[in-house]
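This is the structure I want to talk about, given as structure tokens.
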Amino acid sequence: SRIGLKEKKELVQELRKARGRPPESAFASFEKVLKKYGASREAYHGGDFNGVSCRCIAQSAKAIFQELKVVLIEKKREGAPEEYIIETLGNIAELVGIIDAAMAALMVIFPTQEEREKARFLCTKAMMLWRALGFSVTLKAHIIDHHI
């Protein structure tokens, strides 16, 4: 016997309801947290965060990383050490804060010697933590490290 289109659609709906929704991925959860704080990947920017999103992340780094920690702990693989997640996210949050402070120090027009030294100190501190976290040194990171 032939099942009509309406019956087929109803059957699909019933099957979907019985199956339930798959769990949200960690990546999707991250994106949701970041969007909550005004940061999102822009298609016109190659799928990366633009400057406005980066400022939103920097301004709310502590709160964002607290929420990301909860997501990662909830979605961690069996046997993954929770302490590692907590420590790493804490270090990344600290790095974001240092970079934010360094960028603010670098924006000073006609800086004094003391302000230049502060900016250099923050850049050095940021790059030390950057390397300790095992991040690759991109061109921008190299410029911060060696040319500021």
Side-chain angles (χ1 to χ4, degrees), residues 8-9 11-148:
K8 286 181 182 178
K9 286 183 178 180
L11 179 60
V12 168
Q13 289 292 18
E14 286 176 35
L15 291 172
R16 283 185 179 153
K17 189 179 275 187
R19 180 186 69 194
R21 293 191 77 181
E24 187 175 64
S25 71
F27 182 83
S29 297
F30 272 36
E31 296 293 315
K32 195 180 283 184
V33 169
L34 292 170
K35 191 169 196 138
K36 176 179 166 183
Y37 291 94
S40 60
R41 297 173 190 274
E42 301 296 342
Y44 72 85
H45 206 265
D48 290 334
F49 296 106
N50 64 17
V52 172
S53 288
C54 290
R55 283 192 293 277
C56 290
I57 292 169
Q59 287 173 346
S60 302
K62 284 186 180 180
I64 288 171
F65 284 98
Q66 276 300 118
E67 289 191 43
L68 295 182
K69 180 172 56 175
V70 171
V71 169
L72 275 179
I73 290 170
E74 178 184 299
K75 297 185 180 293
K76 75 181 177 76
R77 291 192 180 121
E78 193 173 316
E82 195 171 305
E83 302 79 35
Y84 176 78
I85 293 169
I86 293 167
E87 180 183 346
T88 302
L89 283 177
N91 287 336
I92 294 171
E94 181 183 357
L95 176 61
V96 170
I98 293 168
I99 290 173
D100 186 41
M103 292 300 113
L106 291 168
M107 298 299 290
V108 174
I109 299 171
F110 305 118
T112 64
Q113 181 62 31
E114 184 178 316
E115 289 168 328
R116 284 194 295 274
E117 288 171 6
K118 177 184 177 186
R120 182 72 215 135
F121 170 78
L122 289 168
C123 289
T124 300
K125 187 173 179 181
M127 289 310 300
M128 286 174 59
L129 189 50
W130 184 285
R131 284 192 172 87
L133 284 163
F135 294 163
S136 62
V137 178
T138 62
L139 177 61
K140 289 178 183 178
H142 169 79
I143 291 168
I144 290 169
D145 199 20
H146 291 289
H147 302 286
I148 291 182

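Here the structure is a predicted model, which means the values were calculated and not measured.
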TODO: List for me each residue that meets side-chain contact (heavy atoms from CB on, under 4.5 Å) alongside A101, sequence neighbours excluded, and say none if there are none.
DONE: L122

Open item on the list: As an exercise, state the distance from CG of L106 to CZ of R116, rounded to the nearest 0.5 Å.
Closed with: 12.0 Å

Task: Nearest-0.5 Å distance that lies between atom CG in L68 and atom CG in L34 - done: 6.0 Å

- [ ] Applying side chain to side chain donor-acceptor pair (under 3.5 Å), name anything that partners E83, two or more places apart in sequence or on another chain.
- [x] none

Open item on the list: Using a 6.0 Å cut-off, check whether atom CD of Q113 has over 12 heavy atoms from anything other than its own residue.
Closed with: yes

Let me have the donor-acceptor pairs involving side chains of residues 134-145, under 3.5 Å, with sequence neighbours excluded, atom names and distances please.
residue: T138; atom: OG1; partner: A141; partner atom: N; Å: 3.3
residue: H142; atom: NE2; partner: H147; partner atom: NE2; Å: 3.2
residue: D145; atom: OD2; partner: R131; partner atom: NH1; Å: 2.8
residue: D145; atom: OD2; partner: R131; partner atom: NH2; Å: 2.9

Task: W130 and its side-chain contact (heavy atoms from CB on, under 4.5 Å) partner, picked from I98, I99, N91 - done: I99

Open item on the list: Let me confirm one number: the CD1-CD1 distance from I92 to I64, rounded to the nearest 0.5 Å.
Closed with: 12.5 Å

Compile the donor-acceptor pairs under 3.5 Å between side chains in residues 48-57 and protein atoms, sequence neighbours left out, one pair per line.
residue: N50; atom: OD1; partner: V52; partner atom: N; Å: 3.2
residue: N50; atom: OD1; partner: S53; partner atom: N; Å: 2.8
residue: N50; atom: OD1; partner: S53; partner atom: OG; Å: 3.3
residue: N50; atom: ND2; partner: Y44; partner atom: OH; Å: 2.7
residue: S53; atom: OG; partner: S40; partner atom: N; Å: 3.1
residue: S53; atom: OG; partner: S40; partner atom: O; Å: 3.2

Task: Within residues 61-77 or reaching into it, pairs that qualify as salt bridge (Lys or Arg N to Asp or Glu O under 4.0 Å) - sequence neighbours excluded - done: K36-E67

- [ ] Mind checking side chain to side chain donor-acceptor pair (under 3.5 Å) for E31 and listing every partner two or more places apart, or none if nothing turns up?
- [x] R41

TODO: With rounding to the nearest 0.5 Å, note down the distance linking OG1 in T112 to NZ in K118.
DONE: 10.0 Å

Task: Non-hydrogen atoms of L95 and L129 that approach each other most closely - done: N-CD2, 3.7 Å

Task: E24 to A28 - nearest heavy-atom pair and separation - done: CG-CB, 3.5 Å

Open item on the list: If you compare all heavy atoms of A58 against all heavy atoms of V96, which two are closest, and at what distance to 0.1 Å?
Closed with: CA-CG1, 3.7 Å

Task: Distance (rounded to the nearest 0.5 Å) between K32 NZ and S25 OG - done: 9.5 Å

